[in-house]
Amino acid sequence: MDRFIIQGGIPLQGTVRISGAKNAALPCLAACLLTEEPVILENIPSVRDIATTIHLLKTLGVTIKESEETSTSSGKEAHASQRRIVSQANRVESVEAPWELVRTMRASTLILGPLLARFGKARVSQPGGCSIGARPIDLHIKGLEKLGATFHMEHGMVVGQADRLRGARIYFDRITVTGTEDLLMAATLADGETILDNAAREPEVQDLASLLTKMGANIEGAGTSTICVRGVSKLHGADHRIIPDRIEAGTFLAAAGITKGDLTLQDCCPDHLQIVIDKFREIGMKIEKISTNSLRAWAHQPLRAADIATEEYPGFPTDMQAQYMALVTQADGTSVIHEKIFENRFLHALEMVRMGANIRVDGSQAIVRGPVQLSGAGVTASDLRASASLVLAGLAAQGETIIERVYHIDRGYERIEEKLQAIGARIQRISYK
Ligand code: EPZ
């Protein structure tokens, strides 16, 4: 187990390189199951969820070759590895995602669509809920059944089979990111045309569609609510660079704001962050687009409160809600945060209250009053983005903050303490048994 020890109160200064997007890399890695040829992915982040996915693919019989190409990084610039992974599913022996893997990463369900499309069968442990909500996969199953698959439950496993998937019109009752990705992958090899209606529009969905198109898929409308896929008989290998992680970038923008620092973000994609940039400017941060892949953010004047409601893309991302909450504990006034995507995504609020924040949770809303001087304390991380928000709070707090269970943050942030140290933060990772 690891913990972070943070001495707060230091304005962060310098340049940080943003890593590849975990939530784009996960579906792109699953897509390698759709062909027997090698799929080359660049800019893969070194985070736990990627390691879990690689382990899962290897248990299926996929050959994985990795190379670590680290970007140049001087003392001033933080380190971001840009790993290259070559996956080849030409000797798949199993179609089962075991419980011990799925329980650690529910995105393992992303292999359902590809396995059914290519091999006509799949056995995936029903992912349990997690700290932020029930996280069902009913919409994945319903969509795949529309394409002709049949499912039954067996000892906690979702067991699916399909002779040949057939194109269909699928309407998602709720917008689902990995549901859209699962069905998009399945539809590429289905007979005929598939229409995905009320589809997710996230950049990560678009990045997956870009890879699938390079592999020979026939896709129109990715990034809009209606995606049209014309099935093909076979897909071939491809070489694809994963997009930058917009949530990591948003987290470092928040770090600049909460510490009243001045940060330059490189290898990011400002266009994927527009609503976050607009909101951070609204509360008084200065954010300048330096180029198509770099931003500068600083906050030298007091922040002002502002409300948010989390929405599907292009709305304010739920994965930035916890980080925003930490930031507005420092803003003058009352900010109302409405979490509309997940039913239990305020666990970080209670930990911030222990650091002196003035936050009241009322159902799906959190009311934050500021500014307050946070004070360092021992806190416990509960999920990936909650952990990031506690790091942000610790960076702003007076004194020492100890964050337990940082394995949550390692799931989605690449060596975050090294990146923070390189821009002036006093943060240490302590490993203990
Ligand atoms: C993806 O999760 C992301 N994970 C999440 O990021 C992100 O928070 C979420 O999208 C929302 O943007 C990956 O991409 C790997 P959903 P996903 O299906 O696809 C309900 C992080 O921090 N729903 O879009 O699982 C669901 O319960 C993670 O990186 C159903 O009811 O989320 C939720 O309320 C956390 N039935 C809503 O839809 C279903 O079959 C949106 O969920 C599927 C989803």
Side-chain angles (χ1 to χ4, degrees), residues 19-31 45 47-50 52-53 56 102 104-113 124 126-146 151 158 170-185 196 198-208 225 242-243 245-251 272 275-276 309-324 339-345 347-348 364 381-389 408-414 416:
S19 303
K22 155 181 94 83
N23 288 351
L26 296 179
C28 286
L29 282 165
V47 297
R48 276 166 61 103
D49 277 3
I50 297 296
T52 305
T53 303
L56 170 59
V102 176
T104 65
M105 187 189 67
R106 62 179 311 286
S108 310
T109 49
L110 282 166
I111 66 170
L112 260 179
V124 176
Q126 172 82 8
C130 71
S131 59
I132 65 176
R135 312 294 297 277
I137 58 166
D138 56 311
L139 301 177
H140 298 234
I141 303 295
K142 195 173 150 190
L144 291 166
E145 284 173 338
K146 273 281 182 76
F151 291 91
V158 174
I170 294 163
Y171 178 82
F172 289 104
D173 300 335
R174 269 201 79 158
I175 295 173
T176 161
V177 173
T178 50
T180 300
E181 291 164 348
D182 227 344
L183 270 297
L184 181 57
M185 288 189 278
L196 302 181
N198 201 26
R201 300 167 53 189
E202 272 68 5
E204 294 76 25
V205 173
Q206 298 176 57
D207 204 34
L208 172 63
S225 304
I242 299 294
I243 54 171
D245 192 317
R246 61 192 167 99
I247 304 301
E248 184 193 22
T251 305
H272 292 162
I275 194 156
V276 171
T310 61
E311 307 273 357
E312 296 86 358
Y313 192 87
F316 194 93
T318 175
D319 290 351
M320 277 297 301
Q321 178 258 104
Q323 300 91 311
Y324 184 77
E339 173 55 59
K340 294 167 67 176
I341 305 290
F342 290 111
E343 62 268 33
N344 187 34
R345 202 170 197 176
L347 293 175
H348 42 281
S364 63
S382 55
D383 65 84
L384 170 52
R385 307 305 172 180
S387 329
S389 72
H408 287 294
I409 206 164
D410 291 334
R411 291 192 51 182
Y413 289 89
E414 187 175 56
I416 194 168

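Atoms within each ligand, like the ligands themselves, are counted from 1 in listed order. Side-chain atoms are counted along with the backbone in the values below, which use heavy atoms only and exclude waters and symmetry mates.
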Any salt bridge between K22 and D319, counting N to O under 4.0 Å?
no
Under 3.5 Å side-chain donor-acceptor pair for R48 and Y413
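Per modelled atom types, R48 and Y413 side chains form no pair under 3.5 Å.
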Would you kindly say whether E339 and T310 are connected by a side-chain donor-acceptor distance under 3.5 Å?
yes
Would you find a donor on one side and an acceptor on the other, under 3.5 Å apart, between the side chain of [X] and the backbone of [Y]?
{"X": "S131", "Y": "S382", "answer": "yes"}
{"X": "E202", "Y": "Y313", "answer": "yes"}
{"X": "D182", "Y": "H140", "answer": "no"}

Would you please write out the protein residues whose heavy atoms approach any atom of ligand 1 to under 4.0 angstrom, listed by chain and number?
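Heavy-atom contacts below 4.0 Å: K22, N23, L26, R106, A107, R135, P136, I137, D138, L139, H140, R174, I175, T176, V177, T178, T318, D319, I341, F342, R345, L384, R385.
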